[in-house]
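One structure below.
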Amino acid sequence: QVQLVESGGGLVQPGGSLRLSCTASISIFRLKIMGWYRQAAGKQRELVATITPAGTTKYGAFVKGRFTLSRDNGKKTIELQMNSLQPGDTAIYFCYMNPDVWGQGTQVTVSA
């Protein structure tokens, strides 16, 4: 069974940065589209960013250049660098492996 292990969430002040990591348990990670979604309280889950096996990225409209998603196929890991965080970024962030594998989620809270 595929597992996605997330790390890096936490509490940060507005304007601060966090880096989220997600490591997969399978070697065919390198063939998979990976990404992050988030879900804020009372809202639907939304796309944060995805990355193809070749490294092409796609971001949600709200990102506006603040986040960068990267992958290391050798380490079976993706990393989401989040800068200029705002209270509106507060949510649970879920790692995703196409087509239907999800991590357990990691909480990101942006608050003064």
Side-chain angles (χ1 to χ4, degrees):
Q1 184 174 357
V2 179
Q3 288 187 318
L4 301 176
V5 179
E6 302 141 327
S7 62
L11 172 65
V12 64
Q13 293 186 340
S17 298
L18 282 175
R19 178 176 291 178
L20 305 182
S21 294
C22 172
T23 300
S25 62
I26 55 172
S27 61
I28 60 171
F29 165 91
R30 69 187 188 282
L31 303 176
K32 296 290 189 178
I33 294 172
M34 300 290 298
W36 290 92
Y37 285 70
R38 71 182 189 182
Q39 187 165 17
K43 295 186 177 182
Q44 290 188 332
R45 193 170 294 190
E46 64 178 346
L47 168 72
V48 178
T50 59
I51 187 165
T52 69
T56 300
T57 52
K58 173 183 176 181
Y59 296 94
F62 65 87
V63 170
K64 297 180 180 179
R66 300 179 298 136
F67 299 175
T68 302
L69 180 60
S70 61
R71 68 189 295 156
D72 184 331
N73 288 335
K75 295 181 179 179
K76 297 180 287 185
T77 296
I78 60 171
E79 290 191 338
L80 182 69
Q81 176 66 41
M82 303 187 294
N83 300 323
S84 302
L85 286 163
Q86 298 301 318
D89 295 313
T90 295
I92 300 174
Y93 285 67
F94 296 91
C95 183
Y96 164 75
M97 175 183 283
N98 183 266
D100 58 2
V101 181
W102 295 89
Q104 291 189 329
T106 184
Q107 177 70 47
V108 171
T109 302
V110 185
S111 175

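Note that the coordinates shown come from a computational prediction; the quantities given were computed from them, not determined experimentally. Sequence positions, counted from 1, serve as the residue numbers for this chain.
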When rounded to the nearest 0.5 angstrom, what distance separates [atom1] in [X] from [atom2] in [Y]?
X: Y93; Y: Y37; atom1: OH; atom2: OH; value: 14.0 Å
X: R71; Y: T57; atom1: CZ; atom2: OG1; value: 11.5 Å
X: L20; Y: S7; atom1: CG; atom2: OG; value: 8.0 Å
X: F62; Y: L47; atom1: CZ; atom2: CG; value: 7.0 Å
X: E79; Y: T68; atom1: CD; atom2: OG1; value: 11.5 Å
X: R38; Y: D89; atom1: CZ; atom2: CG; value: 5.0 Å

Derivation and outcome, side-chain contact (heavy atoms from CB on, under 4.5 Å), residues K32 and V101: CA-CA 11 Å; K32 296 290 189 178; V101 181; over 6 Å; no
Greater than 12 external heavy atoms within 6.0 Å of Q39's CD: yes
Exceeds 12 heavy-atom contacts within 6.0 angstrom, atom CD of Q104: no
Looking at every heavy atom in both [X] and [Y], which two are closest together, and how far apart are they?
X: S17; Y: S84; answer: OG-N, 4.4 Å
X: L80; Y: A49; answer: CD1-CB, 4.4 Å
X: T90; Y: Q107; answer: CG2-NE2, 4.0 Å
X: P14; Y: A112; answer: CD-N, 3.6 Å

Hey, does [Y] have a side-chain heavy atom less than 4.5 Å from the side chain of [X]?
X: V12; Y: M82; result: no
X: L85; Y: F67; result: yes
X: C95; Y: W102; result: no
X: P53; Y: I33; result: yes

Polar side-chain atom of Q3 near backbone of S25 as donor-acceptor pair, under 3.5 Å: no
Exercise: do T23 and T77 side chains pair donor with acceptor under 3.5 Å: yes
Cation-pi, Y96 ring and R45 (6.0 angstrom, 45 degrees): no
Geometric cation-pi criterion R66 and Y59, 6.0 Å radius, 45° cone: no
Would a hydrophobic clustering, with Ile, Leu, Val, Met, Phe, Trp and Tyr connected at side-chain separations under 4.5 Å, put [X] with [Y]?
X: V63; Y: M34; value: yes
X: F94; Y: V48; value: no
X: I28; Y: L4; value: yes
X: W36; Y: V2; value: yes

Step-by-step side-chain contact (heavy atoms from CB on, under 4.5 Å) determination, F29 to N73: CA-CA 7 Å; F29 165 91; N73 288 335; 3.2 Å; yes
